[in-house]
Enquirer: 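I have a structure here, written as structure tokens, and I will follow up with some questions on it.
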Amino acid sequence: MSKRIVLTIIGLAILIIVFLMETNGVYNVNSNSEAEVDYVIGVSQPNLVEPWQISMYEELQKEASQYSNIRMIYTDAALSTEQQMEDIHTLQEYDIDLLIVSVEDSQEMTPIISSVYEDTPVIVLGRGVEGYNYTLYIGTDHYLIGEMAAEATRELLGDNGGEIIEVQGLKSALQAEERSRGFRERIDEWDTLKISNTLVANWQRDKAEDELKKLFKSSNVNPDLVYAHNDAMALGVYRALDSLGLKEIKIIGSDGVDKPNGGLQLVKQNIIDTTFITPTGGKQAMLYAVRILAKDTEIPKKIILRNHEVNDDNVDSYLAEKSDSPDIVSSDEKVTLGFAQVGNESAWRSANTDSIIKAAEQENVDLQLKNANNNQERQIEIIRGFIEQEVDVIGFSPMVEHGWEEVLAEAKAAGIPVILSDREIKVEDDSLWTTFIGSDFVEEGRRAAQWVVDHQKASQEKVNIIELEGTKNSAPAVDRKQGFNEEIENEQNLQVIDSLSGDFTLEKGREMMEYALLKYSTKIDVVYAHNDDMAMGAIEAIEQYGLRPGVDIKVISIDATNKAFKALSTGKLNFAVECNPLLGPQIMQAAKELKNGQEIPVKIITSEETFTQDEAKKEMKKRNY
Ligand code: GYE
């Protein structure tokens, strides 16, 4: 009998003893004793009282039951963060191969999750942690939920508006902060709406009831609507108002679980007015856990699941649905994907195009790829052509953030879903696009700046930075600038003395750097290039000027293509931030799932790293672009 089986049996025996003695924490191990166990997955949940957490547990159990070679160990921290930390330590002692964890207190739990991640894959589920020390986050966009709640508030209160009480989750929970920020930033747009009071109820029903009763007892409040960050607290709000005989006040919650006291039931029973289905991600977590354990290299960093507003008008249709997405009807019919590529401006773009073409071949997708040569009008024409051609799915990398409403409205009217590849857009109506697959450019900008901060801390002198920006008004240029500036704004000695648009090309990058050298000469300490091609152009200009790139003037860049690795290895580039161009496989998977009528995530954010000169030499051997 293999060592692992013996260890597992001993572990199980201890678990059962622990369970019998344990007051907190419920241990549950799925038993496939007759099968050979290849992997052990530990699951840590903060509680099993919230309907949303119970749904997550059931989804995980249901999906896990399909894998007889995987043993699952479930723990329940019974609302105690301290207990959850203990649970994770216990799971580590049983040599788990992967941890799936849902947190309530992001701040408290971030360090322990980071330490597990040092040697064990971690899937963070539903509620975020700080930073990026995990394998994969599957959850929803909590800022967006807050915005959706604000729009529902506006709808419910009409033009007269009114007073609002906000009932927040756990203060130190990222999702509570993001929901509140999304809610308040939208509410602030309407003069008729005013948040008169804020309560904190830690996601708990009874605390929400108690806090609201206390507020009515101590103050002269007269709310028209209460927004609670989850349905459990929304039910507590209802109980408080009901006990005070207040029937007219509107209540908005979130989670939308189809369970007793779950949001769907609460809307159906007119106990609350609106909720937002917030998928737990349990099913996707299991699917990705299996891929991670199989050493799949195409694992994204974040999967943002779609939320749906549920109110009296549509609650019955959601109650009728038995699963969160129709069963996968894998049709043999080939999917036709029309892809409008932005151009050929850089090495990154070439790698991106190659990835799309290769993945289409591998996935047997009928790819119609056309190139807009960095011209938005041309890109719109190409998309219009795909609509006339009646392709199944349209994909494109938007050259710039604005100007897409008209053509995307035509695609929507034609019933053709749209995948945003690589770059996002800014439109009022987000239903004009179906999913975004690409990077977090703001984080890339932060990572680039962090190197400058770390490497210039010693010098007390002013550090003068030249920024070479990508295509004006494109998402990567806007966001990389934002992320970089966020990171240096509190560093007194760091300053961007000029920002010049190099349009992501080597030639323009060189031209802009020549101009900067003529204007600032040896005052320039650092060049921050939004992509490798512009960085290479800058390196050429610096050498032409008689200075040493990487020495006299530090150069940092984003993309991390093989041009960057060569420059890192020769010392001409100091730091490279990766932006993953290999989006082809995820684009094809999304296109096929859309063709099958499946609901797909609203965003898939790729996983990326950073590279110093020392790391480049080792990494170069693994790169194929
Ligand atoms: O950084 C650059 C390309 O949109 C992320 O566009 C992409 C950017 C990339 O031209 O090289």
Side-chain angles (χ1 to χ4, degrees), residues 300-301 339-356 371-376 378-379 395-402 404 419-426 433 436-449 467-484 500-510 512 527-539 555-567 573 575-584 586-587 603-611 623 625:
K301 192 69 179 178
F339 195 92
Q341 182 58 294
V342 61
N344 284 306
E345 75 283 2
S346 63
W348 188 98
R349 187 62 57 201
S350 307
N352 177 244
T353 301
D354 293 348
S355 168
I356 291 165
N371 199 305
N373 294 319
N374 272 23
N375 176 308
Q376 183 178 23
R378 175 76 189 113
Q379 205 165 25
F396 76 116
S397 169
M399 182 179 157
V400 292
E401 291 185 314
H402 299 279
W404 304 101
I419 296 173
L420 300 181
S421 165
D422 151 40
R423 298 181 182 181
E424 293 189 79
I425 59 176
K426 289 209 182 333
W433 55 275
F436 164 73
I437 297 171
S439 305
D440 179 345
F441 297 135
V442 175
E443 175 59 19
E444 291 172 351
R446 290 193 198 105
R447 290 178 181 179
E467 179 179 25
L468 296 178
E469 293 185 18
T471 304
K472 272 213 167 310
N473 302 320
S474 69
V478 170
D479 291 354
R480 286 170 182 168
K481 184 182 191 71
Q482 177 193 329
F484 191 87
L500 304 163
S501 178
D503 208 17
F504 284 131
T505 66
L506 186 143
E507 296 71 21
K508 283 294 290 282
R510 183 175 54 229
M512 289 300 109
V527 175
Y528 163 47
H530 287 187
N531 86 326
D532 293 344
D533 298 71
M534 294 190 295
M536 296 310 117
I539 286 170
V555 184
I556 54 178
S557 173
I558 297 178
D559 276 354
T561 58
N562 53 26
K563 291 182 174 184
F565 282 103
K566 286 193 185 103
L573 185 69
F575 189 63
V577 175
E578 183 180 25
C579 176
N580 187 341
L582 306 181
L583 306 177
Q586 283 153 10
I587 291 170
K603 286 188 184 179
I604 297 177
I605 308 293
T606 48
S607 180
E608 298 167 345
E609 299 175 61
T610 59
F611 300 98
R623 312 292 287 197
Y625 65 86

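One-based numbering, in listed order, for ligands and for the atoms of each.
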Enquirer: Should the pair E608-K301 be classified as a salt bridge under the 4.0 Å nitrogen-to-oxygen rule?
Expert: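 So E608 does not pair with K301 through a salt bridge.
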Enquirer: Step through it carefully: locate the ring centre of Y625, locate the ring centre of W348, and say whether they are under 6.0 Å apart.
Expert: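 Centroid distance Y625-W348: not below 6.0 Å, so no.
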Enquirer: Do the two ring centres, one from F575 and one from F611, sit under 6.0 Å apart?
Expert: no
Enquirer: Would you mind running through ligand 1 and noting each atom that sits below 4.0 Å from a heavy atom of C579?
Expert: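 In order of number, 5 (C).
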Enquirer: Any side-chain to backbone donor/acceptor pair from N373 onto G343? Under 3.5 Å, distance only.
Expert: no
Enquirer: Is M399 touching ligand 1 with its side chain, its backbone, both, or neither, if touching means heavy atoms under 4.0 Å apart?
Expert: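 Neither part.
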Enquirer: Looking at E424 and K603, is any side-chain nitrogen of the basic one under 4.0 Å from a carboxylate oxygen of the acidic one?
Expert: yes
Enquirer: For atom 11 (O) of ligand 1, grab the closest protein heavy atom and report residue, atom and distance to one decimal in Å.
Expert: D559 OD2, 2.6 Å
Enquirer: Can you list the ligand 1 atoms lying under 4.0 Å from a non-hydrogen atom of P476?
Expert: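 Per the distance check, 4 (O).
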Enquirer: Please determine whether a side-chain nitrogen of the Lys or Arg among E443 and R446 lies less than 4.0 Å from a carboxylate oxygen of the Asp or Glu.
Expert: yes
Enquirer: Which residue holds the protein heavy atom closest to atom 10 (O) of ligand 1, what is that atom called, and what is the gap in Å?
Expert: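 Ranked first by proximity to atom 10 (O) of ligand 1 is E345 OE2, 2.5 Å.
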Enquirer: Against heavy atoms of F441, which atoms of ligand 1 measure under 4.0 Å?
Expert: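 This gives 5 (C) as the contact atoms.
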Enquirer: For N531, counting its heavy atoms only, list the atoms of ligand 1 lying under 4.0 Å from any of them.
Expert: 1 (O), 2 (C), 11 (O)
Enquirer: Can you list the atoms of ligand 1 that are under 4.0 Å from a heavy atom of R349?
Expert: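 Per the distance check, 3 (C), 4 (O), 6 (O), 7 (C).
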Enquirer: Write out the residue and atom name of the closest protein heavy atom to atom 7 (C) of ligand 1, then the distance separating them to 0.1 Å.
Expert: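 Nearest protein contact, heavy atoms only, for atom 7 (C) of ligand 1 is D422 OD1, 3.2 Å.
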Enquirer: Under 4.0 Å between a Lys/Arg side-chain N and an Asp/Glu carboxylate O for R623 and E578?
Expert: yes
Enquirer: Run the numbers for me: atoms of ligand 1, each under 4.0 Å from some heavy atom of S346, listed by number.
Expert: 2 (C), 3 (C), 10 (O), 11 (O)
Enquirer: Write out the residue and atom name of the closest protein heavy atom to atom 8 (C) of ligand 1, then the distance separating them to 0.1 Å.
Expert: R423 NH2, 3.8 Å
Enquirer: Between D422 and R349, is the closest basic N to carboxylate O distance under 4.0 Å?
Expert: yes
